[in-house]
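For reference, the structure is listed below as structure tokens.
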Amino acid sequence: MRELELSRRAFLSTSGVFMIGHATPDAWAQAAKTSPKSPNNPDLLADSLDAYLAIDKTGKVDVFYGAIDGGQGLETSIAQMVAEELDVPLSSIRMIMGDTRRTLNMGGASGAQGVSRRGTSLMKAAALARQMLVEEAARKFGAKPTDLDVKDGVIYLRANPARRIAYTKIVRGRPFQAKVRWNGQWGNPHDIATDAPLKSYKDYRVIGQSPRRADLTSKVFGEQKFPGDVRLPGMLHARMVRPPVAGAVPTSVDETSIRHIPGAKTVHIKNFLAVVAPKEWDAVRALRAVKVEWSQSNPAFPTHREIHAHIRKAMVTQRTIEKENGKVEEGLVKAARVISGEYEYPTHSHASMGPGCAVVDVRANGATIYTSTQKPHYAADGVADLLNIPRESVHVVWMFGTGSYGRNDQGDATADAAVLSKALGAPVRVQWMREESLGWDPKGTASVNFCKAGIDEKGEVIAYELISRGFSRENVATNEGRASGTLAGQLLGAKLEPKNTFNIPFASYTFANNRVGWETISPLMDRASPLRSTHLRDPYGPPILFGSECFMDEIAVAVDMDPVDFRLRYLTHPRDKDAVRIAAEKAGWRKRASPRKDIDSASDVVEGRGIAYRRHFDTFIALVAEVRVNRRSGVVEPTRLVCAHDVGLIINPETLRHVIERQLIYGTSRTTVEELAWDRNMVTSIDWNSYPVLHMRHAPPRIDIHLIERPEAAPSGAAEMALGLVPAAMGNAVFDATGVRLRKIPFTPDYVKTMLNT
Amino acid sequence: MSQKMTFNVNGHRHTILIDDPDMPLLYALRDDLGLDNPRFGCGLGQCGACTVHIDGVPTRSCSLPVSAVGKGRITTLHGLGDRKKPHPLQTAWIEEQVNQCGYCINGWLMEGAALLARNPKPTEEEARAAFGDLICRCGTHNAAVRAVLRASKQA
């Protein structure tokens with residue numbers, strides 16, 4: 001029953017967003033017809049329990065987790081989930097992560113679904129394994145399975161605990177050879193079902209504890225190897241040569257310009273150009289020395305300062321209304337007052353700490369890839385497509401590495417290394433440079449939110465409209481699974497496969513006449529663009545919630561209501577309401593309308609508070625930001641963030657707190673300092689000065705996190721949900737302090753000063 | 001014309017052939033000596049991922065030419081302490097579970113250790129100041145400060 005509930009909840013919670021809807025009998029029937037062979041290793045069958053876990057002769061449990069841990073503790077949290085259902089010690093779990101030979105494609109770090117989807121799938125596999133083992137023990141004991149219990153991998157008769165048998169004695173290193181019901185999907189939607197019941201949360205012993213992360217100790221002692229640390233015999237070091245102007249291609253390369261560097265040479269295939277050398281520093285020297293003639297290119301980009309004006313006037317290529325009820329226009333006509341607000345969000349780079357880096361060894365019989373991409377199975381698919389070799393001949397060895405925060409440059413560096421290794425017949429290590437990582441990673445691109453509300457005489461909202469307009473969020477795919485989606489593929493002439501997609505975060509506000517939708521415009525450059533768009537962490541959160549949740553405060557101001565009370569008036573779901581109430585209560589929120597009226601007009605430094613709320617999948621969050629604004633300098637500092645967070649069942653409370661705290665700091669960076677700059681020709685953010693990111697002096701010094709306990713609810717995700725609230729909560733707090741509404745991210749001192757002075 | 005240079009790293013002497021005296025120390029450590037702790041983050045001395053100690057002073061190895069190292073004693077993260085004999089800050093770092101991806105870890109641990117060496121009981125403000133010039137994209141800033149304060153209490 002529990003299992004049915006869990007799986008149904010998981011399906012329901014995501015089906016509205018990703019249109020998976022595989023819970024119907026038809027979908028399962030259809031799924032049964034799909035080949036369960038993993039395209040990356042045909043010996044692995046998605047409908048076999050053995051593809052999910054194995055118990056060896058010593059009792060170690062290998063868990064085959066076909067996604068990754070980007071440093072947010074999934075390795076340990078998912079191990080806890082499996083240990084719980086299997087009733088084995090946590091220390092006996094070995095997580096096999098992202099290896100394309102040993103795991104199925106379960107997507108990757110994506111949508112914060114590591115626990116909610118991958119973890120729950122693997123729990124179901126563990127429950128089935130436990131059930132099979134208990135049934136076998138029952139046969140041996142001549143007892144009923146319900147008479148048995150399990151502790152630490154040992155099955156015993158409850159009435160006579162001396163009658164016992166270890167899992168290892170039953171398994172003896174053999175596979176389970178049992179079927180699971182697979183939903184026929186690879187990647188993020190992958191899931192399974194079994195008939196084995198799951199435990200009640202009341203019986204949990206491992207879930208709900210906070211064991212330390214397995215990876216952290218080896219990182220602290222400098223033992224953890226990353227892809228850049230892989231050294232293979234005969235390996236060459238490569239640097240990609242990128243054009244000074246976007247769209248320019250190499251027309252001639254002067255090989256003599258690098259002749260003085262030992263072993264250095266160029267690799268020039270169509271528009272793809274790199275330098276390689278046996279020693280890494282020599283590759284860097286070759287990059288600096290190589291003389292290249294580039295074709296004329298005139299991208300004539302509207303600059304980052306002009307991009308929002310461009311978005312406003314550009315032709316809309318697709319308009320999609322995601323949610324509509326009532327008659328918005330009629331509501332607006334009837335309204336006593338109509339208010340509107342526009343909000344601009346900039347372009348952000350993934351700006352990973354480590355620029356893209358991968359080692360690839362292409363041989364006659366296949367390729368081995370060492371990468372920290374967040375979607376290793378897609379990296380294998382993409383390299384197979386790029387090199388035109390069978391998918392099963394490509395083996396991705398996933399390794400811990402730099403945080404990706406979405407589809408960063410790791411996948412592109414992997415594709416570069418694959419092309420070079422094939423061309424040179426040697427293993428190749430590609431390391432992108434800092435300038436390249438900011439300039440050429442796929443981007444989270446700019447958008448404008450148009451918000452409108454009609455209010456009647458009684459102060460009731462009788463019409464609401466939110467339209468977000470910007471570039472498709474998938475000009476290149478959210479993974480590198482096709483050559484067309486990689487920079488290398490685009491330089492080598494792959495047929496482009498852009499998608500026209502956008503999305504609006506769910507909100508449960510109930511307005512009588514309501515319309516929420518999006519509009520996309522054409523990309524600024526079609527092929528090999530430094531501004532090509534893709535998913536950046538919480539792709540639809542910060543850009544759109546900045547508009548929608550600031551505008552909620554604008555309406556509250558218009559009706560002279562406290563922003564918390566105003567939200568509670570239009571929220572219906574108890575978990576939404578609880579998150580808002582608890583955040584306010586924990587922040588010591590005092591009821592009043594914004595802006596505050598007690599500010600000393602002579603004071604340079606003023607303080608205010610703001611709130612923002614969201615629901616993402618089944619995660620319910622509210623964030624209160626307290627800010628200090630220096631009206632003379634324009635500096636906005638968050639002095640305290642208070643987050644109420646309801647994720648359903650909590651697997652590892654300490655890890656959850658860490659994940660929330662760190663993403664709120666990351667969200668502060670996106671809100672206060674980050675903005676990609678470019679001119680007519682090319683990205684001009686080339687380092688950590690021209691692409692500023694948060695330093696310690698601007699980090700919120702105090703972050704209070706309140707975890708709402710709902711052990712009866714299925715676990716949802718946590719890895720990116722809270723960060724999307726930072727822009728709006730801070731923007732609302734600045735308004736509270738100053739009476740001035742900020743309409744553009746980032747809140748740089750110059751921008752804030754300009755707004756305060758107008 | 002290559003020349004021999006000798007480096008003292010983590011208490012061991014290593015002699016390597018250097019072609020270019022302008023080569024940053026980072027490449028000698030990683031490529032010639034196979035010491036992977038310092039990492040390439042920017043190559044511009046802006047982020048700290050490549051930090052080592054030279055005679056106890058945190059130094060960005062991506063921007064220091066090998067010819068400028070001289071007789072300086074180099075310590076990498078691994079030389080700071082290991083599982084058998086951890087530096088107190090490494091212990092505190094694990095207790096506070098500071099990092100996520102850990103790509104930036106060399107800068108933060110090496111700066112933090114240097115702070116504790118010159119000021120064993122720093123205030124929170126002093127800890128924040130010591131980390132002022134480092135980058136971490138995962139947002140571990142406050143956790144790093146907590147780790148320094150924890151280590152200082154245990155000292």
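Lettering follows sequence order; numbering is per chain, from 1.
Note on B:E124, B:Q90, B:H78, B:E95: by heavy-atom pairs under 4.5 Å with chain A, the leading option is B:Q90. Highest contact tally toward chain B, considering only A:P355, A:G70, A:A699, is held by A:P355 [criterion: heavy-atom pairs under 4.5 Å]. Here A:H237 is the residue among A:R702, A:R537, A:Q663, A:H237 with the most heavy-atom pairs under 4.5 Å with chain B. Contact count versus chain B (heavy atoms, under 4.5 Å) is highest, among A:E654, A:E674, A:E435, for A:E674. Counting heavy-atom pairs closer than 4.5 Å to chain A, the top-ranked of the candidates B:G43, B:G34, B:C136, B:G81 is B:G34.
Separating the CG atom in A:N689 from the CG atom in B:L44 is a distance of 8.5 Å, to the nearest 0.5 Å. In this structure, SG in B:C101 is found 4.5 Å from OH in A:Y405, a value given to the nearest 0.5 Å. Between A:H695 atom NE2 and B:D133 atom CG the span is 5.5 Å, to the nearest 0.5 Å. Considering SG of B:C47 and CG of A:D687, their distance stands at 11.0 Å, rounded to 0.5 Å.
Both the backbone and the side chain of A:V659 come within contact range of chain B, judged by heavy atoms closer than 4.5 Å. Residue contact with chain B, scored on non-hydrogen atoms closer than 4.5 Å, involves the side chain of A:R231 exclusively. The parts of B:P86 that come within reach of chain A are both its backbone and its side chain, each placing non-hydrogen atoms under 4.5 angstrom from that chain. Within the 4.5 angstrom heavy-atom criterion, no atom of A:T668 approaches chain B. Heavy atoms of A:H350 lying under 4.5 Å from chain B belong exclusively to its backbone. With a threshold of 4.5 angstrom between heavy atoms, A:R213 approaches chain B through its backbone and through its side chain. Within the 4.5 angstrom heavy-atom criterion, only backbone atoms of A:Q224 (N, CA, C, O) approach chain B. For chain B, the nearby parts of A:T217 are the backbone and the side chain; heavy atoms of each come within less than 4.5 Å. Proximity to chain B (any heavy atom under 4.5 Å) is shown, for A:D69, by neither the backbone nor the side chain. Of the two parts of A:R670, neither the backbone nor the side chain holds a non-hydrogen atom closer than 4.5 Å to a non-hydrogen atom of chain B. Within the 4.5 angstrom heavy-atom criterion, no atom of A:E436 approaches chain B. With a threshold of 4.5 angstrom between heavy atoms, B:L134 approaches chain A through N, CA, C or O but not through any side-chain atom.
When atom types are taken as modelled, the side chain of A:K279 and the backbone of B:D32 share no donor-acceptor pair closer than 3.5 angstrom. When atom types are taken as modelled, the side chain of B:N142 and the backbone of A:P700 share a donor-acceptor pair closer than 3.5 angstrom. A distance-only check finds a donor-acceptor pair linking the side chain of B:R137 to the backbone of A:A351 [under 3.5 Å]. In this structure, the side chain of B:R39 does not engage the main chain of A:M353 through any donor-acceptor pair within 3.5 Å. Of the possible donor and acceptor atoms, one in the side chain of B:Q46 sits under 3.5 Å from a partner among the backbone N and O of A:W688.
When all heavy atoms of B:Q100 and A:H658 are compared, the closest pair comes out as NE2-O, 4.1 Å. Residue B:L77 comes nearest to A:K219 through the heavy atom pair CD2-O, 3.8 Å, listed as atom of the first residue, atom of the second, then distance. A pairwise comparison of heavy atoms in A:R662 and B:E96 identifies NH2-O, 3.9 Å as the closest pair. Nearest heavy atoms, A:L216 versus B:I94: CD2-CA, 4.2 Å.
Under the salt bridge (Lys or Arg N to Asp or Glu O under 4.0 Å) test applied with A:R285, the options B:D20, B:D19, B:D22 reduce to a single match, B:D20.
With contacts defined as side-chain heavy-atom distances shorter than 4.5 Å, the pair B:R128/A:P701 qualifies. A:E223 places a side-chain heavy atom less than 4.5 Å from the side chain of B:R83.
In summary, the side chains of A:W281 and B:D31 do not present any donor paired with an acceptor at a separation below 3.5 Å, with no hydrogens or angles considered.
Counting non-hydrogen atoms of neighbouring residues, nucleotides and ligands closer than 6.0 angstrom, the NE2 atom of A:H260 exceeds 12 such neighbours.
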Atom pairs and distances, donor-acceptor, side-chain atoms in residues 102-111 of chain B, under 3.5 Å, two or more places apart:
unit_1 : atom_1 : unit_2 : atom_2 : d
B:Y103 : OH     : B:F40  : O      : 2.7
B:N106 : ND2    : B:N37  : O      : 2.5
B:W108 : NE1    : B:I135 : O      : 3.2

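Taking non-hydrogen atoms and a 4.5 Å limit, the residue list of residues 57-72 of chain B in contact with chain A is empty.
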